[in-house]
Chemist: 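Pasting in a structure now, in structure tokens, and then I'll have a few things to ask.
The analysis underlying the following values was restricted to heavy atoms, covering all of them including side chains, and did not include hydrogens, waters or symmetry mates. In what follows, chains carry the letters A, B, and so on, assigned in the order in which the sequence lines appear, proteins first and then strands, with residues in each chain numbered from 1.
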2 protein chains.
Amino acid sequence: MDTDDLGKDRVPRKRRKMQRITMADVAKLAKVSPSTVSLYLRKPDAVSPAAGREIARAIDHLGYVPNLVAGGLAAASSRVVSIIVPSIRNAFFAETVSALQAELTSEGLQVLLGHTEYDKEQEEALVRTALSWAPAAIVLTGLSHSRDTRKLLKAGGIPVLEMWELGGDPLDMAVGFLHPRVGASAAEHLLSKRRRNLAFLGARMQEDHRAAQRAEGFEEACRKGQAASWSVINHPGAATVEAGAILLNRSLQQNPQLDGIACSNDWIALGILFECQRLGVAIPDAISVVGFGDLDFSASCIPSLTTIRPSGDLIGKEAARLILSRIRAAAPPLPAIIDTGHVLIERCSS
Amino acid sequence: MDTDDLGKDRVPRKRRKMQRITMADVAKLAKVSPSTVSLYLRKPDAVSPAAGREIARAIDHLGYVPNLVAGGLAAASSRVVSIIVPSIRNAFFAETVSALQAELTSEGLQVLLGHTEYDKEQEEALVRTALSWAPAAIVLTGLSHSRDTRKLLKAGGIPVLEMWELGGDPLDMAVGFLHPRVGASAAEHLLSKRRRNLAFLGARMQEDHRAAQRAEGFEEACRKGQAASWSVINHPGAATVEAGAILLNRSLQQNPQLDGIACSNDWIALGILFECQRLGVAIPDAISVVGFGDLDFSASCIPSLTTIRPSGDLIGKEAARLILSRIRAAAPPLPAIIDTGHVLIERCSS
DNA sequence: TCATTTCATCGTAGCGCTAAGATGCTCGAA
DNA sequence: TTCGAGCATCTTAGCGCTACGATGAAATGA
């Protein structure tokens with residue numbers, strides 16, 4: 001049939017013809033209206049069992065996949081939680097993200113991930129795009145953000161959760177612990193082992209200000225305790241096993257009396273263990289070592305590592321709990337702050 | 001009559017009054033039409049410099065944040081790439097995701113993350129939700145998926161990329177390497193070191209079938225080479241340092257002649273290093289060890305680890321490259337397959 | 001000179017869904 | 001019989017944006 005002849009009547013614009021199966025198709029097949037399908041999908045109990053069965057059958061038959069983009073637009077909020085961490089390669093954040101995601105996924109929420117590489121401007125850009133998705137919530141790492149980031153988030157009216165750090169002034173919710181206390185615990189432990197010449201060895205502390213906070217807490221405890229000498233040494237690169245070896249050599253050079261080391265994380269501690277083995281320095285006889293993180297290897301290495309466990313997993317779980325309760329209940333924005341604390345695990349390296 | 005009718009029901013429905021700043025607000029302030037603003041945002045070169053300046057100023061002044069949800073709906077495709085990996089805690093995938101994301105973010109694409117925990121049904125559920133977002137592309141790990149997953153993806157009409165594995169029949173694009181070849185390389189290397197009683201120690205191989213493939217390649221090479229004896233031992237739990245210790249003890253018990261070990265990854269290898277130190281077994285004199293992964297610590301541990309580097313980073317970069325070219329060019333769906341290969345790095349443990 | 005092309009800009013119809021309010025329908029009470 | 005209440009279901013108006021096609025002005029050609 002030649003439709004061109006009838007071309008004078010209003011031709012519907014050619015539009016990208018998504019052949020996708022829509023809710024209307026399901027509705028037609030189930031012999032109900034689209035809104036009943038929508039209702040069924042959101043609150044199955046609100047439709048009659050008979051209609052529900054029909055709809056379920058139609059969905060199954062057609063292989064219907066709801067379009068969450070359209071849903072998000074209509075509902076002015078999407079089933080997405082945006083998580084922004086410094087780096088997903090970092091075992092700490094990988095653990096937290098993993099736990100958080102497991103909890104959120106089971107509630108039908110998706111995770112939109114971003115990493116800042118410890119760059120505040122990058123973070124701001126990520127927050128901006130995250131907001132473009134009208135997420136159900138935004139999770140950030142730490143309490144320190146650029147002024148514009150704070151402004152964006154305050155204007156956004158979206159639940160915000162800051163994790164892995166406490167002690168400052170959270171935008172909304174916060175789950176984490178006090179990093180200065182971690183540094184202090186390490187120092188106090190070393191002092192209790194009659195170590196008097198201490199050092200805090202950290203990496204990337206110019207950017208990772210949580211590590212810097214641990215160093216500060218360490219120094220503070222040294223000052224208050226009976227330490228004879230103490231210092232903080234930073235390696236500008238990433239916190240790796242190699243960095244640990246470099247840091248150990250620098251610190252021994254600086255103070256041959258050194259007998260107690262706290263590390264900004266367990267990778268560095270492991271590097272120190274290896275380097276001491278290489279140098280013939282006995283651990284813990286000559287030097288006690290305390291790590292941070294309680295990573296996978298910390299219990300199994302030689303000697304096993306005394307370390308401080310921050311519970312990245314618990315942070316993720318608690319964060320998920322707060323977010324879910326906020327999303328469900330639309331609770332008033334009372335600042336919910338959860339301190340997950342830290343635990344010093346004494347093993348053979350101290 | 002008409003006027004009566006009009007008069008009485010002109011009550012506009014109360015609607016969630018999003019106070020959000022929209023493109024129309026920007027357009028009004030910049031004294032252009034909304035579509036010009038949209039055009040400017042998508043193709044800045046297509047509008048006149050003068051109009052562009054005005055629009056940019058208006059955006060800045062209002063603090064306008066585009067609504068990507070609406071954009072995605074209108075354009076029938078969102079600026080999101082969905083990445084599904086077994087576990088983000090695994091350093092391999094963390095590395096790849098990180099690289100992939102860095103590349104995609106710089107092109108304005110977001111990453112929607114999911115993890116399957118090596119469960120095919122979980123993967124199917126994730127693919128389903130991923131499709132609900134009408135993503136610009138979907139990235140999966142491995143070539144092996146449930147039948148429904150394959151069906152969903154083929155029907156989706158969305159670019160699909162499978163990574164970290166080659167050798168099978170990809171759905172669309174694939175970036176990875178041949179795992180059997182990795183196992184074979186390890187075996188050949190051990191044989192070249194005059195090791196004759198070999199073992200492949202792996203973890204979670206009932207689920208991680210890429211590790212199982214490496215084991216198969218290892219056995220195949222043993223069979224073809226001059227190996228006197230060989231075996232494959234699996235630890236059902238996760239691939240950790242602890243698992244390495246357990247596996248070493250089991251394999252020594254099984255074959256005290258053992259003089260060459262290949263591991264399904266470097267964590268296990270590290271566990272073997274520690275356990276050998278504990279048992280007083282000299283590496284590489286008594287036993288040669290080859291790992292897989294070339295992780296952070298592999299060059300620095302004692303002895304430094306001979307290992308096979310799979311280049312998770314490169315996989316991520318190449319994957320991003322393929323996806324971007326596909327999105328931009330809407331190229332015909334010729335299967336693009338990239339082999340990133342692997343490199344054996346000889347160090348002191350063999 | 002007028003027709004044609006080029007270019008920036010505009011008007012507007014959806015994209016697929018949600019949610020407020022409207023509409024029936026059934027049932028019990030008046 | 002009438003009236004509401006209670007409930008399932010439907011109608012409809014957007015959500016904010018993109019992309020198609022139209023418009024009008026300037027540039028070019030014959």
Chemist: How long is the line joining OH of Y40(B) and P of dC10(C), in whole Å?
Modeler: 15 Å

Chemist: Using a distance-only test with no angle check, is there a side-chain donor-acceptor pair under 3.5 angstrom linking S33(B) and T36(B)?
Modeler: yes

Chemist: Tell me: CG of L73(B) to C1' of dC15(C), nearest whole Å?
Modeler: 4 Å

Chemist: Looking only at side-chain N and O atoms, does E124(B) offer a donor or acceptor that is under 3.5 Å from a partner on H145(B)?
Modeler: no

Chemist: At under 4.0 Å between heavy atoms, what does V69(B) touch on the DNA or RNA strands: base, sugar-phosphate, or nothing?
Modeler: nothing

Chemist: Tell me what Y64(B) touches on the nucleic acid: a base, only sugar-phosphate, or nothing, going by heavy atoms under 4.0 Å.
Modeler: sugar-phosphate

Chemist: Could you state the NZ-P distance from K43(A) to dA19(C), rounded to the nearest angstrom?
Modeler: 7 Å

Chemist: Is the shortest distance from a Lys or Arg side-chain nitrogen in E54(B) or R57(B) to a carboxylate oxygen in the other one below 4.0 Å?
Modeler: yes

Chemist: When you get a sec, tell me which of dC17(C), dT18(C), dT18(D) is the closest nucleotide to the side chain of N67(A)?
Modeler: dC17(C)

Chemist: Return no unless some side-chain N or O of T36(B) is found under 4.0 Å from OP1 or OP2 of dT9(C).
Modeler: no

Chemist: When you get a sec, tell me which of dA19(D), dT9(C), dC17(D) is the closest nucleotide to the side chain of M23(B)?
Modeler: dC17(D)

Chemist: By nearest nucleotide on DNA chain D, pick out whichever of G71(B) and A46(A) is the more 5' one.
Modeler: A46(A)

Chemist: Identify whether any heavy atom of L68(B) sits under 4.0 Å from a base atom; if not, whether one sits that close to sugar-phosphate; answer base, sugar-phosphate or nothing.
Modeler: nothing

Chemist: I need the single residue from D60(A), I59(A), V32(A) that forms a side chain to side chain contact (heavy atoms under 4.5 Å, CB included) with V26(A). Which is it?
Modeler: I59(A)

Chemist: What's the closest nucleotide to the side chain of S48(B) if the choices are dT9(C), dG16(C), dT18(C)?
Modeler: dT9(C)

Chemist: Taking only N and O in the side chain of T22(A), is any of them less than 4.0 Å away from OP1 or OP2 of dG16(C)?
Modeler: no

Chemist: Mind calculating the distance between CG (D45(B)) and P (dC7(C)) to the nearest angstrom?
Modeler: 14 Å

Chemist: Rounded to whole angstrom units, what separation is found between the CZ atom of R53(A) and the C1' atom of dA8(D)?
Modeler: 15 Å

Chemist: Is R42(B) close enough to dA19(D) that one of its side-chain N or O atoms is under 4.0 Å from OP1 or OP2 there?
Modeler: yes

Chemist: Could you tell me how far apart E54(A) (CD) and dA8(D) (P) are, to the nearest whole angstrom?
Modeler: 17 Å

Chemist: Output the single nucleotide from dC15(D), dT9(C), dC15(C) whose closest atom is nearest the side chain of L39(B).
Modeler: dT9(C)

Chemist: What is the separation between atom CD1 on I55(A) and atom P on dC17(C), rounded to the nearest whole Å?
Modeler: 13 Å

Chemist: Within a strict 4.5 Å, meaning less than it, do heavy atoms of the E103(B) and L109(B) side chains meet?
Modeler: no

Chemist: Calculate the interatomic distance between I21(B) atom CD1 and dG16(D) atom P; express it in whole Å.
Modeler: 12 Å

Chemist: Taking 4.0 Å as the cut-off, does a side-chain nitrogen or oxygen of S33(B) come that near to OP1 or OP2 on dG11(C)?
Modeler: no

